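Below: one structure, written as structure tokens.
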Amino acid sequence: MPAQKIETGHNDVVHDVSMDYYGKRVATASSDATVKINGVSNNSASQHLATLSGHRGPVWQVSWAHPKFGSILASCSYDGKVIVWKEGNQNEWSQFHVFEHKSSVNSIEWAPHELGLSLACGSSDGNITVYTAQSDGGWETTKIDQAHPVGVTSVSWAPSMGPGALVGSGMLDPVHKLASGGCDNTVKVWKLYNGNWKMDCFPALQKHSDWVRDVAWAPNLGLPKSTIASASQDGTVVIWTVAKEGDQWEGRIMKDFKMPVWRVSWSLTGNLLAVAAGDNSITLWNEAVGGEWQEVTTVDR
């Protein structure tokens, strides 16, 4: 598919872009306090489908829920709100639920669908909150208090199957794990035990010397290890791996970009890592034999 330029229609900075499950629609979050949805197709220009207005400050991130739950999108903002939007009639969106926080909510991500309709939110108040939809229409709330006391910048769910699990084996309970990054320069891993979130890495993962801007847990597809990428204000991307439950995570600096790195994102198979850096470049990387990472290509912009 050739590169396609999307005229988002925003009149301020775009902070996040998220493609729906089928790759047909793109949601964008902007400092203009709106979320916009555009349709994309192989053979034509993008078309504006909807503008979602409800925030009173910059919108930092958007996240699509799995389509098994319907057409649902979440957004988070500097205004402290997380809004869950639901599409009724085609391209008609309404606020399904609003969660209020005391400070900016910087990062949101829906859990793997096997865990239910569950949304993790990282906030400047230092807390991570997980909201899970209940069959009676309510939402259960679990919280990680002071996950990163000076502020949470990013959250990312682990795959629902642990390393080495075969797809469709159906024998294992799904895994409830999260990675988070914060203004304390650390990456942390969390696991749900008996309804409570506990830290699952000791000590916190430390290789960055400035704010962690983004964390991304890689799909494992039966691979024998877990992998997390972290991007930092310090210019580095670190690849963290652990072979099995209970082992220590090991971190290797993939590259020092010599400028802030804003976002990291894995391909669906987990073998390609996209990196967005402060010079407006997007580069793609993969792991070569021997564990070294190599740049595959630069994405034309």
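Hydrogens, waters and symmetry mates play no part in the numbers below; they use all other heavy atoms, side chains included. Quantities reported herein were computed from a predicted structural model and do not represent experimental measurements. Nothing fancy with the numbering, it's 1 onward along the sequence.
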_Closest heavy-atom pair and its distance - Lys207, Gly251_ = CE-O, 2.6 Å
*Shared hydrophobic cluster, Trp93 / Val26 (ILVMFWY, side-chain heavy atoms < 4.5 Å)*: no
*Just say parallel, tilted or perpendicular for the rings of Trp139 and His97, cut-offs at 30° and 60°.*
tilted
*When you look at CD of Gln95, are more than 12 heavy atoms from neighbouring residues, nucleotides or ligands closer to it than 6.0 Å?*
yes
*Just wondering, do Trp266 and Thr227 contact through their side chains at under 4.5 Å, heavy atoms?*
yes
*Would you say the side chain of Asn271 lies within less than 4.5 Å of the side chain of Glu287, judging by non-hydrogen atoms?*
no
*Could you give the distance from CG (Leu205) to CD (Gln248), rounded to the nearest 0.5 Å?*
9.0 Å
*Indicate the atoms forming the closest heavy-atom contact of Ile228 with Ala179, along with that distance.*
CD1-CB, 3.8 Å
*So with a 6.0 Å cut-off around OH of Tyr21, is the heavy-atom count from everything else above 12?*
no
*asked:* Any side-chain to backbone donor/acceptor pair from Ser160 onto Pro174? Under 3.5 Å, distance only.
replied: no
*Once you round to the nearest 0.5 Å, how far does CD of Glu109 lie from CH2 of Trp64?*
15.5 Å
*About how many Å separate CG of Leu119 and OG1 of Thr141, when rounded to the nearest 0.5 Å?*
11.0 Å
*With sequence neighbours excluded, residues passing salt bridge (charged side-chain N to carboxylate O under 4.0 Å, His left out) with Lys24*: none
*Look at atom NZ of Lys68 and say whether more than 12 heavy atoms of other residues, nucleotides or ligands are closer to it than 6.0 Å.*
yes
_Cluster check Ile37, Met19: I/L/V/M/F/W/Y, side chain < 4.5 angstrom_ = no
*Answer yes or no: is there a donor N or O on one side and an acceptor on the other, between the side chain of Asn220 and the main chain of Met161, under 3.5 Å?*
yes
*Any idea which heavy atoms bring Asp234 and Asp256 closest together, and the distance?*
O-OD1, 4.1 Å
*Within a strict 4.5 Å, meaning less than it, do heavy atoms of the Gln206 and Asn185 side chains meet?*
no
*Side-chain (Ser154) to main-chain (Ser180) donor-acceptor, under 3.5 angstrom*: no
*asked:* Contact between Cys121 and Phe99 at the side-chain level, heavy atoms closer than 4.5 Å - yes or no?
replied: no
*Do Phe257 and Leu273 share a hydrophobic cluster (ILVMFWY, side-chain heavy atoms under 4.5 Å, transitive)?*
yes
_Once rounded to the nearest 0.5 Å, what's the spacing between atom CZ of Phe96 and atom CD of Glu87?_
13.5 Å
*Sort out for me which residue in Thr28, Val62, Ile108, Val35 forms a side-chain contact (heavy atoms from CB on, under 4.5 Å) with Asp16.*
Val62
*Look at the side chain of Thr283 and the backbone N and O of Thr298, then say whether any donor-acceptor pair between them is shorter than 3.5 Å.*
no
*asked:* How long is the straight-line distance from NZ of Lys86 back to CG of Leu73, given to the nearest 0.5 Å?
replied: 13.0 Å
*State which residues pass side-chain hydrogen bond (donor to acceptor under 3.5 Å, both in side chains) with Tyr78; sequence neighbours excluded, sorted by chain then number.*
none
*Among all residues two or more places apart in sequence or in another chain, which pass the side-chain hydrogen bond (donor to acceptor under 3.5 Å, both in side chains) test with Trp240?*
Ser230
*Within a radius of less than 6.0 Å around CG of Asp136, do more than 12 heavy atoms belonging to other residues, nucleotides or ligands occur?*
yes
*What pairs with Thr51 under side-chain hydrogen bond (donor to acceptor under 3.5 Å, both in side chains), at least two apart in sequence or on another chain?*
Lys36, His48
*Heavy atoms, side chains only, cut-off 4.5 Å: are Cys183 and His148 in contact?*
no
*At what distance, to the nearest 0.5 angstrom, does CG of Asp214 lie from OG of Ser232?*
11.0 Å
*asked:* Are the side chains of Thr129 and Ser123 in contact, using a 4.5 Å heavy-atom criterion?
replied: no
*Measure across Ser75 and Val59 and return the closest heavy-atom pair with its distance rounded to 0.1 Å.*
CB-CG1, 4.0 Å
*Under 3.5 Å, is there a donor-acceptor pair between the side chain of Thr132 and the main chain of Ser118?*
no
*Mind checking what makes side-chain hydrogen bond (donor to acceptor under 3.5 Å, both in side chains) contact with Trp217, not counting sequence neighbours?*
none
*Hey, does the side chain of Asp32 reach the backbone of Asn11 with a donor-acceptor pair shorter than 3.5 angstrom?*
yes
*Steps toward side chain to side chain contact (heavy atoms under 4.5 Å, CB included) verdict (Asn286, Gln294)*: CA-CA 6 Å; Asn286 71 2; Gln294 60 190 13; 3.2 Å; yes
*salt_bridge(Arg252, Glu292) N-O dist < 4.0 Å*: yes
*Apart from Leu192 itself, what residues make up its hydrophobic cluster when side-chain heavy atoms of I, L, V, M, F, W and Y under 4.5 Å apart count as a link, directly or indirectly?*
Leu115, Ile128, Val130, Ile144, Val152, Val155, Trp157, Leu178, Trp190, Trp197, Met199, Phe202
*Please answer whether the main-chain N or O of Ala74 pairs with a side-chain N or O of Ser63 as donor and acceptor at a distance below 3.5 Å.*
no
*Considering all heavy atoms of both residues, which atom of Ser71 and which atom of Arg25 are nearest to each other, and what is their separation?*
OG-NH2, 3.0 Å
*Determine whether Met259 and Val261 fall in the same hydrophobic cluster, where Ile, Leu, Val, Met, Phe, Trp and Tyr are linked whenever their side-chain heavy atoms lie under 4.5 Å apart.*
yes
*Exercise: do Trp211 and Thr153 side chains pair donor with acceptor under 3.5 Å*: no
*asked:* Between Ser77 (side chain only) and Pro58 (backbone N and O only), is there a donor and an acceptor less than 3.5 Å apart?
replied: yes
_Treating Trp110 as the side-chain partner and His66 as the backbone partner, does any N or O pair qualify as donor plus acceptor under 3.5 Å?_
no
*Are Ser124 and Asn106 close enough that a side-chain donor and a side-chain acceptor fall under 3.5 Å?*
yes
*Any salt bridge between Lys191 and Glu245, counting N to O under 4.0 Å?*
yes
*Please assess Gln47 against Asn38 for the test side chain to side chain donor-acceptor pair (under 3.5 Å), listing each intermediate value before the final yes or no.*
CA-CA 5 Å; Gln47 74 182 112; Asn38 284 274; over 6 Å; no
*asked:* Tell me whether Ser267 contacts the main-chain N or O of Leu272 through its side chain, where contact means a donor paired with an acceptor under 3.5 Å.
replied: yes
_Could you report the tightest heavy-atom contact between His15 and Ser30, atom names first, then the distance?_
CD2-C, 3.9 Å
*Taking everything shown except Gln90 itself, do over 12 heavy atoms lie less than 6.0 Å from its CD?*
no
*Same cluster for Trp293 and Val264 if Ile/Leu/Val/Met/Phe/Trp/Tyr side chains link at under 4.5 Å?*
yes
